[in-house]
Structure formats: structure tokens, C-alpha cells
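None of these values were measured; they are calculated from a predicted model. Naming convention: chains lettered A, B, ... in sequence-line order (proteins, then strands); numbering from 1 in each chain.
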Amino acid sequence: MLSFLARRIAAALGTLFLSSVLVFLAVQALPGDVATQVLGKDATPDAVAALRGQLGLDRPAWERYADWIAGATHGDFGTSLVSSRPVGGEVSSYLGNSALIALVTVLFAVTGSVVLGILAGLYRDRWPDHVISTAALVGMSVPEFVVATVLVLCFSVALPWFPAVVLYGPDATVGQLLPAVWLPALALAVVMAAYIVRMTRTSVIDVMAGEFVTTARLKGLSTWRVVTRHALPSALLPTLHVIALNVAWLAGGVAVVENVFNYPGIGKLMLSSVQNRDLPVIQAIALISAVVYVVCNLAADLGAMALNPRLRTRGRTR
Amino acid sequence: MSDIHHPGRRSVLAAGVASAASLGASWLLSGCTGAASTPVLPAVAAKGAPDRGGTLRIARPPASDAETLDPASALSAYEYLGALYNRLVRVDADGELAPDLAESWEPDSTARTWTFRLRKGVTFHHGRPFTAADAAYTLRHILDKATASPQAAVLAPLVDPERLRTPDAHTLVVPLKSPNAEFPSLLTHYNCYVVPDGSAKSIGRTGIGTGPFKLESFAPAGPGRVTAYRDHWAGAPVLDAIAFYSVADMSARSNALLAGQVDLLSQTNLDFATARVVAASDRATIARVKNAQWYVLPMLTTEKPFTDVRVRQAMKLAYDPEHVVKVALQGAGTAGWDNPVPPSDPVHIPAHPKHDPEQARHLLKKAGQEGLAVDLHTSSYDPLFTPMALAYQDSARRAGIRIRVKTASADSYYTQIWMKKPLMATYWFTGRPVDQLFTQIFRSGSSYNETAWSDKDFDALLDRARAETDDARRRELYGEAQTTVIEKGGAMTPMFADRLVGISRAVRGYAEHGFEFDYLGIGLKGA
């Protein structure tokens with residue numbers, strides 16, 4: 001078990017290293033010389049040369065990468081080209097706001113869709129299954145900005161229950177953001193839920209057809225007990241990875257939704273940084289997204305190990 | 001998104017996402033409200049007097065995460081400027097110069113020295129009286145290299161900051177390096193708002209001016225608030241306060257208006273579908289700023305085949321601007337007939353060559369370019385680019401010109417396409433004084449000369465016009481300049497579009513033209 005853990009963590013670190021190289025290279029490969037792109041139409045040769053010096057672009061790429069990664073490991077992501085403030089502090093205030101949406105989304109989407117998925121699986125091919133599966137398919141097919149717009153129309157314009165957009169900046173307090181969190185979270189949850197519902201349904205159906213469930217039933221256990229004690233742990237196993245991937249998807253999915261709601265989160269910062277060619281901020285956000293991906297997958301693997309006796313005990317039986 | 005002086009790069013990606021989103025939004029909205037069946041857009045907003053008091057809420061696109069209240073800066077937060085500050089000279093609704101902090105101004109006989117007589121009894125928000133020293137300082141601040149003001153490029157060839165004189169507290173004398181009878185018009189630019197003497201370091205945060213509102217709070221790319229300055233020299237404003245909110249995404253701005261969170265969308269030209277939805281809503285409606293956006297198809301005169309003036313003339317004669325206005329603007333604008341001076345400008349000349357596809361064919365044949373085929377680049381940067389390009393393509397076909405419309409990425413449109421590809425679609429906000437328009441966009445060697453056109457006779461004509469002190473004669477010369485641009489220049493101007501402004505039904509007294517916004521008179525009904 002320990003060796004499994006070690007291998008898994010080593011793989012995660014390797015992935016992170018590779019993605020940091022890719023992020024760095026991708027930003028270097030943005031169309032046009034970086035300095036020219038940053039300066040736009042004010043790119044006189046003098047200004048370009050000065051900015052190249054200031055950005056350290058006259059040094060070899062591997063040297064710049066080493067500097068960047070060395071800083072990043074202890075939280076120093078450099079200085080924003082636009083606001084001249086440390087990137088770390090700037091990103092973290094936006095990241096905190098996004099975390100609020102992510103938290104609400106994950107709570108609702110994961111618990112809601114697992115419950116719906118179990119219901120659909122238990123009532124396979126009967127009306128609750130049809131309703132849930134169809135709704136999930138629709139949610140899966142409609143892009144998140146359309147879902148977001150429909151929600152705004154229904155719950156801000158027609159029924160004035162929630163604000164349509166956030167009018168505060170990145171320094172908004174949780175109290176100011178809280179009323180505005182629900183619609184974006186719901187929009188993300190609708191898109192996210194579809195995958196989890198379908199995966200949960202499939203595995204519940206698989207598991208409920210298994211011999212050990214039949215045995216449990218024959219022992220005279222109630223359906224509730226069969227589902228919660230025996231079927232659910234096995235059924236959740238394959239779902240776990242889907243959940244992890246979806247939580248990781250949030251890191252990118254928020255970009256569009258946050259812009260529709262003008263929510264001061266990481267997605268909005270990413271978009272404005274790309275427009276401004278604020279390279280240190282783009283690099284930092286891309287790297288943080290990679291970390292979120294890797295950590296989510298690692299957590300899913302470890303969670304799967306906890307739920308799966310075969311994985312958990314493999315070290316001992318050999 | 002300081003689109004005010006030029007579509008910059010900032011709004012680009014947002015525009016891409018926004019247009020996808022707003023497409024979805026407007027389609028959904030029109031489906032829901034049935035607005036598509038009532039395609040009438042109001043020509044004017046509600047009339048009538050506002051009630052005194054109230055807070056107006058304005059949603060605005062942030063200039064940058066590093067925006068500032070320094071009017072001279074390239075990153076100034078445009079909407080705040082007119083509320084907080086005054087200029088020496090402004091432009092009135094007829095496009096003529098009008099007094100602001102300068103009560104009068106006159107040149108010497110050669111237009112080499114200008115004397116401005118300044119208003120008395122004006123105080124800044126912090127209580128200090130406004131004097132000539134502040135006016136002189138403002139000019140020096142704009143010309144200071146450290147400020148990096150876009151307007152410095154226009155003023156630096158004319159004004160030597162060392163030679164400004166203030167003979168008394170209410171007189172400013174500006175000696176020029178070369179004669180310019182249009183000099184006061186160059187001071188109407190939104191970079192030229194007057195700031196207190198010695199305020200360069202602090203003005204970006206304090207916003208201390210002489211305008212009808214004083215600053216209460218401001219956060220770059222965030223919310224801010226200004227309150228009525230009761231001691232304003234022209235009287236107190238109608239409103240108690242204005243709240244400004246930064247909303248980068250265009251469809252988010254229209255959603256905020258529809259949901260009643262804001263009253264006015266600044267610097268936002270709504271696309272037709274969204275505009276209909278807004279007009280059909282019972283909270284909001286549409287106001288128009290006439291001919292606010294100047295649409296251009298610049299031909300790079302340094303690239304084949306546009307190096308040949310006959311090809312440029314053929315490209316212009318080949319298409320019908322009225323057709324482009326009908327198709328791309330659905331009538332909400334004016335045909336441009338390749339004249340860059342908007343019809344609302346007093347020096348605009350209405351004369352132009354007629355649409356003549358046969359003559360275009362003939363010119364192309366003479367130039368050895370029969371059956372000309374060229375690429376026309378557009379992008380989703382602005383919702384009207386592609387409709388304009390397609391309408392041009394359709395119209396020019398009659399002259400045997402084959403246009404291939406190519407869509408480029410909105411993200412890098414102004415770095416990879418603008419001034420790089422021989423033919424593309426672009427726009428500017430109107431409101432530039434005519435001398436600045438010609439000098440910045442058509443004179444040889446100017447950094448904004450998007451057709452790379454260089455014509456010594458035209459440059460000489462501009463110099464003569466600037467030096468001409470007789471107003472009538474000078475207007476004639478600017479008329480000649482327009483004729484030259486129409487006949488020889490590289491810029492095609494198919495249309496001037498009205499800006500469709502989303503506005504709450506409670507707003508009264510909304511008046512905006514060019515870079516002028518009436519902050520004194522705007523108010524709310526039932527405030």
C-alpha cells in the first residue's frame with residue numbers, strides 16, 4: 001500500500017513538472033514576440049528593446065524557466081505587468097472568491113447528482129429514471145453560458161430574487177458576494193451534474209445486479225441497508241474519478257460563467273490577463289489549475305483505495 | 001477597453017466570449033419575450049425633466065486593471081473624467097467650440113500665439129481657487145514624458161512647455177512652434193481635463209477637479225462613487241451621486257440593466273438583437289448617439305494592389321454605401337461615402353463621387369487588375385465588422401471585384417491584422433476635431449495612419465489649413481482635404497453607425513455626443 005502511495009505521489013509530481021514546462025513553453029509561444037504583443041500599437045523598437053530587457057527576455061529560456069519555477073515553489077510568481085503588484089497576492093484574492101463558488105457548486109452538484117444518480121439506478125427504466133436521465137442529458141448538452149443566461153432571465157430579470165451580475169471588485173467581502181454566488185454555482189452544477197448522475201446510475205445498476213447484492217437481499221436486509229452498506233461503496237468507486245475530473249473542470253469552467261456574472265474570480269482574472277498579455281499572471285493561473293487537476297486526481301485515487309479493499313490490501317496479500 | 005480613442009486590445013477576448021454569449025442570450029431573450037416580432041428601436045430616449053436628487057448607476061467597461069483618474073493617462077477611467085473635471089474648451093451639440101474653464105480665446109494675427117481668458121470664481125473640490133497656473137500645469141503634465149499621454153503626440157509638435165506664460169491669474173498665453181488656427185480644438189480631447197497645479201503624483205487616486213461631482217471612492221477596475229459638488233461654478237448637478245460599476249463582459253452589462261441593477265451602459269454599442277430585447281423590456285430602453293462610430297475599410301497603400309491609386313478609386317466606386325447601411329446597420333446610421341469627417345461635423349462636405357460600378361471596372365482594366373480578387377479581414381471584435389464586410393463584398397461584386405471575407409481571431413486582431421493586412425475592417429469613435437482627425441489618421445508618418453498613406457500635397461494642404469486664420473477660408477481648405485482623402489486616400493468609409501445605448505426608463509436628460517456627456521443635466525424620474 002505504501003509503495004502504491006509513493007508511486008502515485010511521484011507520478012503526480014512528475015505531471016506537475018511536465019505541465020509547468022508546458023505552461024512556460026506555451027506562454028513563450030504566444031503569437032508574435034512577447035514584448036511586441038504586450039506593447040501592442042505602441043511598439044516602437046526602443047520600447048520593445050526596453051521591455052525585453054525588463055522582462056529578462058534577452059536571457060536564455062531555460063534560465064528564465066529555472067528562475068520562475070524556483071520562485072513559484074515558495075509562492076513568488078513574479079510581478080504583474082499591468083498592476084505592478086506581486087502576482088501571488090493578486091491571484092490569491094481572486095482565487096478565494098472562486099473557491100467560494102467552487103465550494104457551493106461541489107456541495108450541491110456532488111451530493112445532488114449522486115442522490116439523483118442512485119434514484120435513477122434503483123428505478124431503472126421507470127419514470128423517475130426517465131425524468132432524471134433526460135434532464136441530465138439536456139444539462140450535459142447545453143453550454144454553460146446558455147444555462148447561465150437562462151438562470152439570469154428566470155431568477156434575476158423575470159423574478160428579481162438574485163442579482164444578475166456582481167457589481168463589486170476583487171476586494172468584495174464574503175457577505176457582499178454571497179447573494180451572487182447561487183446562480184453561477186447552479187449554472188456550473190447543472191453542467192457538472194449530468195456526468196456524475198449518469199456515471200452513478202450506471203454503476204448502481206451494475207452493482208445491484210451483482211451476486212453479493214443478491215446474497216445480501218437473501219439474508220433479509222432492507223433495500224435501504226443493501227444500498228447504503230453494500231451497493232454504494234462499490235458503486236461510488238468508478239464515480240469517484242468522474243467527480244474528481246469534474247471538480248478539476250471547475251477550474252476552467254468558471255472562466256465563462258464568471259464572466260457572464262461579472263464575478264471577480266480566477267476565471268475573470270484569467271480572461272483579463274490574456275487580453276492584457278499579463279504573462280506572469282497567466283503562468284501562475286495555468287500552474288495553479290494544473291495543481292488543482294493533479295490534486296483532484298490524486299485525491300480520487302486515494303479515495304478509491306480507501307473504498308476498494310483489493311487496492312487497500314494488495315500490499316499485504318502478496 | 002478604452003475604446004474611446006481606439007479599439008484597443010483589452011476588450012478583445014471578452015468581445016469574443018461576449019458575442020458568443022450575447023448571441024445565445026439575445027436569441028433566448030427574443031424567444032422568451034417575443035421581442036423579435038416588434039423590431040422597432042426607439043429613436044430617442046424618454047423626454048421630460050428629471051426630479052432633483054437620486055443616484056445614477058452606470059455600468060462601464062474597465063480601461064485596465066491598472067486604470068487611473070489621471071485624465072492625461074492612456075489608462076484613464078473615461079466615465080469619471082467628465083464628472084470630476086472640466087477642460088478649457090469643450091464641444092457643443094452642434095460640433096462648435098464652446099467655453100468651459102476658458103471664457104474666451106484668441107490668436108495673434110498669424111495664429112502662432114494663443115491667449116486664453118480663464119473663468120473667475122472657480123474652485124477645485126479641495127477648496128483652492130482655479131487659476132492660470134493650474135491650466136499651464138495641466139498642459140505641462142500632458143507633455144511630460146513620464147505621463148506618457150496619448151495626446152502628447154498631438155500637442156508636443158506645437159507646444160513648448162517651457163514657454164507657457166501666465167501674465168495674470170486668469171490669463172494663459174500659449175506660444176506655438178508652428179501656426180495653428182485650430183489649436184483650441186485640440187484641447188477638447190478627454191486627455192486635456194484640467195488638474196490642480198503640482199498634482200501629477202496624486203491625481204490618479206484623488207480625482208480633484210472643478211467638475212460637477214467630487215470623488216467619494218474609486219477602485220481600479222472596481223466600483224466607485226462620485227457625489228454632487230454643490231459649489232460647482234455652473235450650478236449644482238441634478239443628481240445627488242453617481243455610482244460607477246466595472247463590468248467587463250458586454251452581455252453581463254445588458255443583464256445588469258435588464259435586472260434593474262444599473263441605469264446606463266457606458267461605451268457599449270448594443271447589437272441589434274440585444275437592443276430589441278432591451279427596448280421591449282419594461283425597465284429599460286434604447287437611446288441613440290447619432291453617428292457615434294466611424295467604420296472604416298482601410299486599404300494599405302503600401303501593399304499591392306492598393307499602391308495604385310486607380311485601384312483604390314475603383315474599390316470606392318465599386319460599392320454602394322447606402323446598401324451597406326441598409327444591410328449591416330439595418331438603417332441605424334448614415335452612409336459615409338468614403339468621407340472620414342462625420343456628417344454632424346460643421347466642416348463636413350456632402351459632395352462625393354456617385355456609386356459607379358462601370359467606371360470602377362474601367363479603372364481596374366486601366367490598372368491591369370481586371371477581375372480583382374482580394375481578402376478582406378474581419379473578426380468578432382465588433383458585431384458590425386462582418387456584416388459590413390459581407391455587404392461590401394455583395395455590393396462590389398457588380399464591378400467584378402471578388403472579395404474573400406476572412407475571419408481573424410479577435411484576440412490578436414489589432415496586433416496581427418490592423419496595419420498589417422492590405423484590407424480589413426475597423427472602427428473609431430467619432431468626436432475628434434477635424435485637425436486632429438486628419439493629422440493623426442491621414443498625415444504621412446503618423447503612428448495611427450492605418451492606410452500608411454503618404455501624400456506630400458495633402459500634408460501641405462493641412463499645413464495651409466492650420467495656418468489660415470480666416471474661419472471661412474479655413475473651412476474651405478478642410479473641405480479640400482476631405483475631397484483629397486475621398487479621391488486619393490486609402491480609407492473607405494462605408495458608414496457612420498448610431499451607438500445604441502441601453503438606458504433605464506427612469507433616466508431623463510441623457511445627452512451624449514462625441515466625447516461629451518452632460519453630467520450636469522442628467523437625472524432620474526421619481527428619484
Can you establish whether the number of heavy atoms outside A:F108 located under 6.0 Å from its atom CZ is more than 12? no
In Å, rounded to the nearest 0.5 Å, how long is the span from CG of A:L151 to CG of B:N255? 11.0 Å
Is there a donor-acceptor pair under 3.5 Å between the side chain of B:Q261 and the backbone N or O of A:L167? no
Side chain / backbone / both / neither for A:V152 at chain B, heavy atoms under 4.5 Å: side chain
Do the non-hydrogen side-chain atoms of A:N262 and B:D249 ever get within less than 4.5 Å of each other? no
Contacts satisfying side-chain hydrogen bond (donor to acceptor under 3.5 Å, both in side chains) that involve residues 157-170 of chain A (not counting sequence neighbours) are none
List the residues meeting ring pair (Phe, Tyr, Trp, His ring centres under 6.0 Å) with B:F244, not counting sequence neighbours, and say none if there are none. B:Y80
Under 4.5 Å from any heavy atom of chain A, what part of B:R283 do you find: side chain, backbone, both or neither? side chain
Please find the pair of heavy atoms, one from A:V157 and one from B:A259, that lie closest to each other, and give the distance. CG2-N, 4.1 Å
Most heavy-atom pairs under 4.5 angstrom with chain B, which of A:P264, A:P163, A:A172, A:P160? A:P163
